*Asks:* 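I am attaching a structure below and will ask some questions about it afterwards.
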Amino acid sequence: MRRGLAAGNWKMNGTAASLGEVEALKTAHTAPSVDILICPPATLLDRLSAVTHGSAIATGGQDCHPAKAGAHTGDIAAAMITDAGGTHVILGHSERRADHQETDAQVCAKAKAALEGGLIAVICLGESLDEREAGQTLDVIGSQLAGSLPDGLTGATAVIAYEPIWAIGTGKIPTIEQITEVHDFIRADLVARFGAEGEAIRVLYGGSVKPANAAEIFAVANVDGALVGGASLKAEDFSPIISALEAAKG
Ligand code: 13P
């Protein structure tokens, strides 16, 4: 049985003023039946981890460098995320693949560094609208899975997030049939590669998850939670999404 995971990706949003949102979440979800994760910008990770310390809310980074340390201006190593109280790291988000030309091979190298550093890697995949319309979705996802995932992943060390690029920040979501098709495909791929651990690795859906659509998305068998962008910034939006996940998977 996989435990649900409600993960918030704050992207390049949030300052000290945002910490109050997490205080509110902490108060609202003292003993959740699902896992809760928030990945703030790097500047807030230490302070946010202090706020969530001793609560049910985990924290994480939004990227890490493949190297352990060194001359890489502006980058962050896995050990720095741990040092700032984080336990997870988002890797290969489509915005990083687009903004920083990250390839599957680089995402794979980052995931190896994350695992060696003891972090849980949240590895993101997803097709563009052109690829969806050309009927290439499963081919694209298959090749991202093959290229971005290192060997030896387990349910305890990795999470996969399926985020169709055209659904991110647009208010558009795939049909439930489309979500089901891709999540079933990812599950089969994980089981073929990682055996029993492939059953244990959680697969999140991401892209315009809101309180209003969360329940129908979480009703899909191979959707184990969500990676939420905009709706994770405010407790009043993220809290009902967590509650919907508890109702479906808790
Ligand atoms: P939105 O929830 O804002 O569409 O963002 C999804 C996402 O990219 C999470 O990583």
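All values reported here derive from a predicted model rather than from experimental measurement. Atoms within each ligand, like the ligands themselves, are counted from 1 in listed order.
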*Asks:* Crowded around His100 NE2? As in, over 12 foreign heavy atoms under 6.0 Å?
*Replies:* yes

*Asks:* Could you tell me which residues satisfy ring-ring contact (aromatic ring centres under 6.0 Å, His included) with His183, sequence neighbours excluded, listed by chain and number?
*Replies:* Tyr162

*Asks:* Testing the basics here: between Leu44 and Leu19, what is the closest heavy-atom pair and its distance to 0.1 Å?
*Replies:* CD2-CD2, 4.3 Å

*Asks:* Considering only heavy atoms, which protein residues lie less than 4.0 Å from any atom of ligand 1?
*Replies:* Asn9, Lys11, His93, Glu163, Ala167, Ile168, Gly169, Gly207, Ser208, Leu227, Val228, Gly229, Gly230

*Asks:* Which heavy atom of Ile81 sits nearest to which heavy atom of Asp63, and what is that distance?
*Replies:* CD1-O, 3.5 Å

*Asks:* Can you name the closest pair of heavy atoms from Ser94 and Ile168 and give their distance?
*Replies:* OG-CD1, 3.3 Å

*Asks:* Is it true that atom NZ of Lys26 has more than 12 heavy atoms of other residues, nucleotides or ligands lying nearer than 6.0 Å?
*Replies:* yes

